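What you see is a predicted model, and the numbers here were worked out from it, not measured in a lab.
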Amino acid sequence: MLSQPVTSLTGALERWPRFIGSGTPMRALVQAHPWELTPLGAIDDWPQALRTAVSVVMHSVHPMFLWWGEQLTQIYNDAYVPCFGVGKHPAALGQGGRECWPEIWSIIGPQIDEVRNGREARWYADNLVPIWRNGRIEDVFWSYTYTPVFDEHDEVGGVLVVCTETTAQVLAERRRHTLDLLGRRLLGCRSEQDVRAAIAQTCVDNPGDLLAVTLLDGDETITRPGADVLVIRGAELQLCAELALAFKISPRLPLDSAYRQFLEQCTAAVCATLSRLQSDRALAEAMAESERLNTDLNLSSRIKDEFLAMLGHELRNPLAPIVTALKLMKLRDTDTVQEQAVIQRQVDHLVRLVDDLLDVSRIASGKVELRKDTVPLADVLNKAIEMASPLLEQKQHRLLVDVPTVRWHGDPARLAQVVSNLLSNAARYTPAGGHVTLATRIKGNTVQIQVTDDGNGIAPELLPHIFDLFVQGNRQLDRAKGGLGIGLALVRNLVQMHGGQVSAYSAGEGRGSTFTITLPDSVVAETEVAVVCTNAAPALEQGSGTRVLVVDDNQDAADSLGELLGALGYRAAVAYDPAQAIALAAATMPEVAILDIGLPGMDGFELAGHLRQLPGGTGLKLVALSGYGQENDKTRSREAGFAAHLVKPINIADLQISLS
């Protein structure tokens, strides 16, 4: 390329019309364009009106476009060039309007004609005018106005277009609205089918951005992938790694960052909903499983309670004749002292096991109520020592006792049971001839009771679980130490019911153990002790020939109880079944009937009704006899008209009180 002299360039610049201007690409193109080959003719021949209009266009920084003459020859400025995209510019310069814009002439042609025919200019806001650019028809939105430009003859010589492309703003608002609608629909979804329906409706609402959307699950793939399909996977968004959405994108929009971001936001909303549904399903399943487990647990607990109650009942049945036989042996004063002692020890042991079993059931079901009273603490602890003394004496232990003279408020029977349990454990797990200490410390209103032994001790791994139900230390095959593993669990529960705590300490196996009970706010000052008048229990008297009918299907229990009543001075008749009992009562109506509640075929309650219907039966005194001794059992007996409820094995004093 040959360079020109500076003087030559200066002359050329001076020849460029000032109304066109210089220094920009479009001004240079307009200056260099062969206008003489267009309907406008050479620049030097342009009329003043055209010059003025071109001056406004070329010197504006806002996108402007001028159509002039019958052929609507085009002139536009630098600000308008980006609106063309790729494809029309620079060929559009000097080109006729219909020739340049055939794809939109049906839209803009009538608008231009309205202005040229003398009508007022109009403003078009965010109007869709799709144009050919970048190798395709693109949906483009414009805000523009067509203004008439008058020539020297005061006629419309051209049309001035002042325009702004608003595609980005319109699409952003449309997509925001779509995401809002999608979010609302997804919020009400309760299944994957609902999600698919929400996606389909969203495509109907916005076909411009979403031609079609397919929800892919797992390894599922699009059947006909192509350039118009974009797959966005949840894993790309750190959501729902196993899910993806396949979008059929619009061919009339560029897949720019804004379009892709919109599709990613749609994917994120769907993934979030599917994750919520999955979490809801998991939660529902977990709740259902929890409910099932809770039902099973309640059923197991009920079965366990029923088993314990039945076990207690079945254990009490054989105890009854043993105890009665023992009492008879004592009454007859035969030389069976040693045998009596053996039987008494075994019976006491069985009774204690049964009571512990029933207490486990009662505490577990919340049926144990403390019967609190204010008593000397020494009396309670002496009762505990008395209960544990047979085992202490059998093992030849030395018992050291340190008990203060204070008054204590709580359930005396339950505290005696607790301390007796600890003393019995100490005796059981301490080799013969060992030492057991029962010590008490008073700190303000708090009493602390300690039972210490120098016996087998507790293994470190067992110590944290020593108060758990059914937990026991290592046992020998002969089960010499006995017990069911429920005593310490009862101790903890009963102490906690008093608002206290119990703890265990051992330096290790073979090094003894210490159990500490702490009962706060339970020591009562002497000035706080109210004077209570108590009625002594009536003295037990020998029966004065009272007729008593005993009904029990356990023949040994029935016979032994009949013999015991006879030894006590009562006239006893024995029946082993309801039919026999009714026959005996019909022959001679007794004054008192002791009825086993658990009779086969006809229970004691039903039998009581039959006996009362017999002649002379209205004045019959009824005493219930049962292996079940819970409060609801006693309540049922009272409601059925029984004067007393005796629990097997029978205590003679309770028996005589009920017969008095």
Side-chain angles (χ1 to χ4, degrees), residues 348-349 351-353 355-357 359-360 363 368 370 375 377-404 408 410-432 434-442 446-459 462-473 481-507 509 511-520 522:
D348 290 345
H349 181 61
V351 169
R352 180 169 178 174
L353 290 179
D355 288 340
D356 283 353
L357 282 170
D359 278 342
V360 169
I363 292 175
V368 169
L370 299 181
V375 297
L377 181 60
D379 290 353
V380 178
L381 299 183
N382 286 336
K383 177 63 176 176
I385 295 171
E386 179 183 342
M387 295 165 64
S389 60
L391 187 56
L392 289 166
E393 294 172 1
Q394 179 186 347
K395 298 291 289 288
Q396 299 180 345
H397 294 315
R398 182 180 180 187
L399 176 63
L400 304 177
V401 179
D402 178 13
V403 178
W408 174 82
D411 189 325
R414 291 301 183 180
L415 182 59
Q417 180 183 0
V418 165
V419 178
S420 169
N421 223 319
L422 295 180
L423 289 172
S424 296
N425 273 358
R428 185 178 295 115
Y429 290 99
T430 299
H435 297 79
V436 178
T437 300
L438 172 61
T440 307
R441 294 189 182 91
I442 306 299
T446 298
V447 59
Q448 193 176 75
I449 302 171
Q450 281 190 338
V451 176
T452 305
D453 64 69
D454 55 1
N456 298 339
I458 306 171
L462 180 63
L463 195 57
H465 310 286
I466 196 67
F467 292 102
D468 293 346
L469 191 61
F470 303 130
V471 170
Q472 295 174 296
K481 303 257 186 328
L484 297 175
I486 60 178
L488 290 180
L490 283 173
V491 166
R492 179 182 61 183
N493 288 334
L494 291 173
V495 170
Q496 288 177 348
M497 289 179 68
H498 280 84
Q501 294 180 335
V502 60
S503 61
Y505 169 77
S506 176
E509 292 184 285
R511 304 181 66 179
S513 58
T514 298
F515 287 82
T516 303
I517 301 169
T518 302
L519 300 170
S522 59

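- Phe515 is not listed as a side-chain neighbour of Val418, based on a closest heavy-atom distance of 4.5 Å or more.
- Looking at heavy atoms from C-beta onward, Val451 lies out of side-chain contact with Asn425 at the 4.5 angstrom threshold.
- Looking at heavy atoms from C-beta onward, Asp402 lies out of side-chain contact with Thr440 at the 4.5 angstrom threshold.
- From Leu392, atom CG reaches atom OG of Ser424 across 7.0 Å, with rounding to the nearest 0.5 Å.
- Listed for the Ser389 side chain is a donor-acceptor partner under 3.5 Å among the backbone atoms of Glu386.
- Side-chain contact between Asp454 and Pro431 is absent, with no heavy atoms from C-beta onward closer than 4.5 Å.
- Considering every non-hydrogen atom in both Ser506 and Gly512, the closest pair reads OG-O, 2.8 Å.
- The number of heavy-atom neighbours closer than 6.0 Å to NZ of Lys395, taken from other residues, nucleotides and ligands shown, is above 12.
- Annotation: the span from Leu490 atom CG to Asn421 atom CG amounts to 7.0 Å, rounded to 0.5 Å.
- Taking 4.5 Å as the limit, some side-chain heavy atom of Leu423 sits within range of a side-chain heavy atom of Leu399.
- Summarising the geometry of Ser522 relative to Val447, their closest heavy-atom pair is OG-CG1, 3.4 Å, with the distance given to 0.1 Å.
- Side-chain atoms of Ser513 and Asp453 include a donor-acceptor pair closer than 3.5 Å.
- Residues Leu519 and Val495 are in side-chain contact: their nearest non-hydrogen atoms beyond the backbone lie under 4.5 Å apart.
- In this structure, Leu438 CG and Leu400 CG are separated by 10.0 Å, a value rounded to the nearest 0.5 Å.
- Considering every non-hydrogen atom in both Lys383 and Ala416, the closest pair reads CG-CB, 4.0 Å.
- Contact annotation: the side chain of Ile517 approaches that of Leu422 to within less than 4.5 Å [non-hydrogen atoms, C-beta and beyond].
- Nearest heavy-atom pair across Ala432 and His397 is CA-CE1, 4.0 Å.
- Residues Pro520 and Thr446 come closest through the heavy atom pair CA-OG1, 3.5 Å.
- Nearest heavy-atom pair, Met387 versus Ser420, reported as atom, atom and distance to 0.1 Å: CB-OG, 3.3 Å.
- The side-chain heavy atoms of Leu415 and Trp408, taken from C-beta on, include a pair separated by under 4.5 Å.
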Check step by step if side chain to side chain contact (heavy atoms under 4.5 Å, CB included) holds for Met497 and Arg414.
-> CA-CA 10 Å; Met497 289 179 68; Arg414 291 301 183 180; over 6 Å; no

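- Each of Thr518, Thr437, Thr516 was evaluated against Gln450; a single residue qualifies, Thr516, per the side-chain hydrogen bond (donor to acceptor under 3.5 Å, both in side chains) test.
- Environment of CD in Gln501: sparse, with no more than 12 heavy atoms of neighbouring residues, nucleotides or ligands closer than 6.0 Å.
- For residues 491-507, every residue pair satisfying the salt bridge (charged side-chain N to carboxylate O under 4.0 Å, His left out) rule, not counting sequence neighbours, is listed here: Asp468-Arg492.
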